[in-house]
Amino acid sequence: MDDRRAKLASLEAAGGEPWPYRAEPTAHVADVRAAHGDLEAGAETDSHYVLAGRLMLKRGQGKLMFGELTDRSGALQLFVSKAEIGDDGFAVFDSLDLGDWIEVSGTAMQTRKGELSLKVSKARLLAKCIRPLPEKFHGLVDEEQRRGRRYLDLVANRDSLDVFVTRSKAVSAVRRFLEDKGFLEVETPVLQPLYGGAAARPFVTHHNELDQDLYLRIATELYLKRLIVGGLERVFEIGPNFRNEGVSFKHNPEFTMLEWYQAYADYGDTMDLFEELIPHVAQTVTGGTTIEHAELGEIHLAAPWKRITLRDAILADSTREGGVAVDIDTATEDEMRAALHTAGYDPKGDTTRGKLIDALLTKFVEPFIVQPTFLTDYPVELSPFARPHPDNPKVVQRFEAFVAGMEIANAFSEINDPAMQYDRFMAQGDARAAGDDEAEQLDADYIQALEYGMPPTGGLGLGIDRFVMLLTGRASIRDVILFPARRSKS
RNA sequence: GGGAGUGUAGCUCAGUUGGCAGAGCAACGGACUUUUAAUCCGCAGGUCGUGGGUUCGAGCCCCACCGCUCCCA
């Protein structure tokens with residue numbers, strides 16, 4: 001560090017500008033590659049470019065130097081010859097350190113060994129990197145640093161940068177898809193006087209002036225449906241939700257969720273739209289609909305996806321790990337507990353029938369789903385906002401989408417009968433009294449909104465982070481969140 | 001919450017039975033006009049996560065705490 005600071009000082013002393021205000025690159029590295037990728041070895045061109053980026057490698061060769069410049073689009077070799085750049089220019093380049101931001105001008109060429117390069121005629125420092133970068137070959141490996149100082153991870157590990165470029169493109173593709181289908185993007189409150197729309201514990205905060213406790217939202221559901229009451233017909237929101245729970249490879253306390261609501265649609269329409277969205281985004285972002293998963297092999301996202309009722313899935317899969325077959329339509333709670341016990345899981349915290357069914361799903365079904373699958377027709381106890389199925393009053397018109405062992409989406413035909421919704425809230429209140437601290441609390445204002453009339457509506461929530469994990473083949477949610485939650489050092 | 005692993009130079013990692021703190025890369029000085037993690041010669045770099053204990057002597061053994069990773073509830 002001291003050596004690099006000294007270089008800065010000597011540059012200033014020599015009248016140089018160590019921290020220029022602007023640069024004027026005319027192209028990205030990828031543009032040069034696209035235009036000259038097929039040059040023959042030893043060929044030179046008159047095509048002139050100005051590139052800007054970080055100097056990541058430097059190889060001295062006497063009166064010749066090679067460097068590697070990276071920008072967001074990729075890396076390109078710099079060919080720096082004393083004959084071309086002059087004695088002064090050569091000295092300037094020689095004084096650069098790995099990690100320095102630079103601007104270089106020159107022409108495209110192919111070296112004798114066939115490496116596309118920029119033959120540099122001018123180079124200047126844009127900003128000094130005073131601290132040495134992580135090692136050039138191994139990159140930054142330490143997970144604590146990769147996530148705590150993500151900027152270093154992005155500099156040192158190209159594949160990590162690519163993950164976040166993919167994430168951005170995926171979110172953009174989702175937006176365009178929904179806008180093309182006539183959806184409006186809206187923003188609803190993050191700070192809410194009541195929380196609801198999901199089974200989760202909230203973060204609590206306080207508004208001083210109003211002297212009122214507020215919750216960070218766990219879902220956007222109830223506000224978005226108020227907008228359907230208001231007549232916006234098709235709305236969506238992409239933004240952070242907050243759930244006060246543990247962290248795991250698929251949980252971060254702050255995560256990004258897409259929710260959409262569509263008037264005049266039911267859960268079947270919603271399933272069709274979702275089945276169209278996911279392959280479309282995969283195609284747009286990765287150029288295909290097949291994902292190569294490191295552990296699970298090929299995952300095919302193209303429609304149609306497998307569709308199976310939750311009852312049939314549990315009936316078929318509950319014999320895994322030595323369990324006994326469970327039919328959730330007829331099984332008693334004790335039988336469900338027994339099945340979970342035989343699989344080595346103690347359901348002592350699962351106090352309700354709904355929670356037990358959820359445990360059966362989590363234990364026996366979810367981890368084993370690899371290819372995209374819709375589980376449909378959930379028990380009413382688990383789904384306080386979903387409409388009953390007309391053919392079977394024990395279940396509701398709801399589905400969850402699973403892929404690669406994870407739930408990525410949850411959707412249903414929305415309850416629009418205010419009396420029915422009120423009864424569901426009451427049942428949730430009973431569950432809470434029985435010890436379920438994730439049960440919904442009564443939202444009287446939401447009931448009132450429904451009393452003004454909500455058209456038949458289908459809604460869906462998609463976990464954006466998990467979807468990006470799928471698209472990028474990452475096994476941990478912390479690899480697709482730029483700054484994941486971590487314990488701060490005191 | 002429980003279990004296992006891990007923490008040593010800026011980065012990636014060795015460190016034997018408890019006996020002088022090591023390598024590669026980066027940095028610094030030098031050689032080199034076609035390198036590809038360039039190579040070669042030279043030089044320098046440390047509160048061994050933190051605190052305590054055992055010992056003539058601790059990176060190594062013991063205890064507590066902190067961070068991180070994985071598995072389990």
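On a predicted model such as this, the values are computed, not experimentally measured, just so you know. What you see below is based on every heavy atom in this structure, not just the backbone, and it leaves out hydrogens, waters and symmetry mates. Chain A is the first sequence line, chain B the second, and so forth, proteins listed ahead of strands; every chain is numbered from 1.
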Considering heavy-atom distances to RNA chain B, does A:Asp142 or A:Gly114 have its closest nucleotide positioned more toward the 5' end?
A:Asp142
What distance, rounded to whole Å, do you find between the two C1' atoms, one in B:rC40 and one in B:rC56?
46 Å
Nearest-Å distance for atom pair CG/P, residues A:Leu152 and B:rA26:
17 Å
If we call it a pair only when both distances are under 3.5 Å in a Watson-Crick or G-U wobble match, what pairs with B:rU39?
B:rA31
How far, in whole Å, is B:rG7 from B:rG30 if one measures between their C1' atoms?
37 Å
So which protein N/O to nucleotides 69-73 of chain B N/O distances come out below 3.5 Å?
unit_1 : atom_1 : unit_2   : atom_2 : d
B:rU69 : OP1    : A:Arg147 : NH1    : 3.0
B:rU69 : OP1    : A:Arg478 : NE     : 3.4
B:rC70 : OP2    : A:Arg478 : NH2    : 2.9

Please report, rounded to the nearest Å, how far the P atom of B:rA31 is from the CG atom of A:Asp94.
10 Å
Between A:Gln77 and A:Arg59, a side-chain donor and acceptor under 3.5 Å
yes
Pairing check on B:rC13: which nucleotide meets the Watson-Crick or G-U wobble criteria with it, both distances under 3.5 Å?
B:rG22
As its Watson-Crick or G-U partner within any shown strand, both distances under 3.5 Å, B:rG46 has none
Regarding A:Tyr49 and A:His36, do their side chains bring together a donor and an acceptor under 3.5 Å, going by distance alone?
yes
Base partner of B:rA4, which must satisfy Watson-Crick or wobble distances under 3.5 Å
B:rU69
I'd like to know if the side chain of A:Asp100 reaches the main chain of A:Asp97, judged simply by a donor and an acceptor atom lying under 3.5 Å from each other, with no hydrogens or angles considered.
yes
Here the distance between atom P of B:rU33 and atom CD of A:Gln77, to the nearest Å, is 17 Å
Atom C1', compared across B:rG59 and B:rC48: separation rounded to whole Å:
5 Å
A:Asn157 atom CG is separated from B:rC11 atom C1', nearest whole Å, by 11 Å
To the nearest angstrom, the CG-C1' distance between A:Leu133 and B:rC25 comes to 12 Å
I'd like a table of atom pairs between the protein and nucleotides 37-47 of chain B - only N or O on both sides, under 3.5 Å - with the distance next to each one.
unit_1 : atom_1 : unit_2   : atom_2 : d
B:rA37 : O3'    : A:Lys136 : NZ     : 3.2
B:rA38 : OP1    : A:Lys136 : NZ     : 2.1
B:rA38 : OP2    : A:Arg59  : NH1    : 2.9
B:rA38 : N7     : A:Gly60  : O      : 3.4
B:rA38 : N6     : A:Gly60  : O      : 3.1

Spacing of A:Lys128 atom NZ relative to B:rA27 atom C1', expressed in whole Å
11 Å
Is A:Arg353 salt-bridged to A:Glu381, cutoff N-O under 4.0 Å?
yes
Rounding to an integer number of angstrom, what distance separates B:rC25 and B:rA38 when you compare their C1' atoms?
13 Å
For a quick check of understanding: with a heavy-atom distance under 4.0 Å over all strands, which category does A:Gln145 fall into, base, sugar-phosphate or nothing?
sugar-phosphate
Quote, to the nearest angstrom, the C1' distance that separates B:rC66 from B:rG24.
30 Å
Does A:Asp465 come within less than 4.0 Å of A:Arg167, counting only side-chain N to carboxylate O?
yes
When the P atoms of B:rC41 and B:rG19 are considered, how many whole Å apart are they?
32 Å
In whole Å, what separates the P atom of B:rG1 from that of B:rA58?
35 Å
Under 3.5 Å, is there a donor-acceptor pair between the A:Thr309 and A:Asp312 side chains?
yes
Taking NZ, NE, NH1 and NH2 as the nitrogens, is one of them in A:Glu68 or A:Lys58 under 4.0 Å from a carboxylate oxygen of the other?
no
Quiz question: by atom type and distance under 3.5 Å, do the side chains of A:Ser160 and A:Asp153 form a donor-acceptor pair?
yes
Within the 4.0 Å heavy-atom criterion, would you say A:Lys7 contacts the bases, only the backbone, or no part of the nucleic acid?
sugar-phosphate
Side-chain ion pair, A:Asp377 and A:Arg398, N-O less than 4.0 Å
no
Sidechain N-carboxylate O distance under 4.0 Å for A:Lys250, A:Glu366
yes
Candidates B:rC68, B:rU36, B:rC11 - which lies nearest the side chain of A:Leu140
B:rC11
Between atom CZ in A:Arg149 and atom P in B:rG67, what is the gap in whole Å?
18 Å
Interatomic distance, A:Asp97 CG vs B:rC25 C1' [rounded to whole Å]
15 Å
For B:rG22 and B:rC43, measure between their P atoms and round to the nearest Å.
15 Å
Check ion pair A:Lys119-A:Glu44 (N to O, under 4.0 angstrom)
yes
